[in-house]
Amino acid sequence: MKITFYGHASLGIQVGGKNIIVDPYISANPAAAHIDINTLEADFILLTHAHGDHIVDVEAIAKRTNAVIVSNAEIAGYYAAKGFTSHPMNHGGSWEFEFGKVKYVNAIHSSSFPNGNNGGNPGGFVIEGEHKNIYIAGDTALTMDMKLIPMRTKLDLAILPIGDNFTMDVEDAILASDFVQCDKILGYHYDTFGYIEINHKEAIQKFFDNDKDLMLLAIGESIEL
């Protein structure tokens with residue numbers, strides 16, 4: 001499994017011979033100006049919620065690639081009404097896709113489209129690949145529901161928001177990593193706006209002091225599990 005960070009909460013995942021884009025907010029992010037969305041391959045687009053800083057490039061990528069949009073029922077229905085192929089999910093449900101099993105799990109946040117349309121309830125994803133399992137938390141507060149995840153799935157990586165203000169901060173993300181029983185963390189949803197700027201060195205040290213590994217990737221940088 002290869003995971004690429006495209007800035008903010010945007011990810012590319014290669015697993016099971018398929019390409020997945022998560023929450024594409026790339027073309028509107030000045031820090032990701034060197035990433036050309038027209039070169040990104042996508043078989044699936046996973047959306048945690050409907051806020052503009054998570055969906056801005058969905059239609060452009062889906063139109064070019066014919067990717068299947070996977071999200072909650074309201075978001076999937078919104079894009080289906082526009083002619084895009086979508087797969088609706090809801091909390092607690094899972095589905096076996098070609099690349100692995102995806103479960104839609106709880107997140108505490110808000111969700112509405114920039115035009116005011118209903119974005120349903122926000123969520124996160126647990127992806128069980130052939131060899132590795134990951135948790136993509138989406139935009140969320142710390143929640144006790146995270147403790148349910150390791151009851152079903154042993155994680156190899158947890159992708160957690162750490163920017164504070166709109167989501168968890170670093171300290172809550174450390175607790176979240178305890179809840180999901182995963183000590184290997186990829187941080188995201190930080191630095192994009194003034195509200196969510198963090199001290200990288202301090203954040204990494206706090207995780208290290210708790211015997212955890214926090215990775216903060218440069219935009220365009222990848223890791224392999």
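In this chain, residues are counted from 1 in sequence order.
The ring of H109 has its center no closer than 6.0 angstrom to the ring center of H54. Between H87 and F97, the ring center distance clears the sub-6.0 Å criterion. Two rings, from H200 and Y190, have their centers less than 6.0 Å apart. In this structure, F113 has its ring center closer than 6.0 angstrom to the ring center of Y78. Between H8 and F193, a ring centre-to-centre spacing shorter than 6.0 Å is recorded. Taking the six-membered ring for Trp and the full ring otherwise, F125 and Y135 have centroids separated by 6.0 Å or more.
Between the side chains of E128 and T153, at least one donor N or O lies within less than 3.5 Å of an accepting N or O. If you check the side chains of S112 and H49, you find no donor sitting under 3.5 Å from an acceptor. For the residue pair D57 and S27, a side-chain donor N or O sits within less than 3.5 Å of a side-chain acceptor on the partner.
Here CG of D183 is found 9.0 Å from CG of D213. Values are rounded to the nearest 0.5 Å. With rounding to the nearest 0.5 angstrom, the OH atom of Y188 is 11.5 Å from the CD1 atom of I196. Between the CG atom of D169 and the CG atom of N165 there is a distance of 10.5 Å, given to the nearest 0.5 Å. Remark: C182 SG to K184 NZ distance equals 8.5 Å, nearest 0.5 Å. Taking CD1 of I223 as the reference point, atom CD1 of I3 lies at 4.5 Å (rounded to 0.5 Å).
S111 places a side-chain N or O within 3.5 Å of a backbone atom of G119 that can act as its donor or acceptor partner. A side-chain donor-acceptor contact under 3.5 Å links S71 to the backbone of L47. A distance-only check finds a donor-acceptor pair linking the side chain of D43 to the backbone of N19 [under 3.5 Å]. Under a 3.5 Å cut-off, the side chain of Y25 and the backbone N or O of H51 do not form any donor-acceptor pair. In terms of modelled atom types and a separation under 3.5 Å, the side chain of N106 and the main chain of G123 share no donor-acceptor contact. At distances below 3.5 Å, at least one donor-acceptor pair connects side-chain atoms of S177 with backbone N or O atoms of I174. Here the side chain of R64 pairs a donor or acceptor atom with the backbone of I37 at under 3.5 angstrom. Here the side chain of N72 pairs a donor or acceptor atom with the backbone of E74 at under 3.5 angstrom. Looking at D156, its side chain does come within 3.5 Å of a backbone N or O of N133 through a donor-acceptor pair. Checked by atom type and distance alone, the side chain of H34 pairs as donor or acceptor with a backbone atom of I219 at under 3.5 Å.
Both the sub-6.0 Å distance and the 45° axial angle are satisfied by K147 relative to the ring of F179.
Heavy atoms of other residues, nucleotides or ligands lying less than 6.0 angstrom from CD of Q205 number more than 12.
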Query raised in the report: Given the rule in the side chain to side chain donor-acceptor pair (under 3.5 Å) test, do H91 and N121 qualify, once you have shown the distances and angles that lead to the verdict?
Result: CA-CA 9 Å; H91 296 94; N121 293 315; 4.8 Å; no
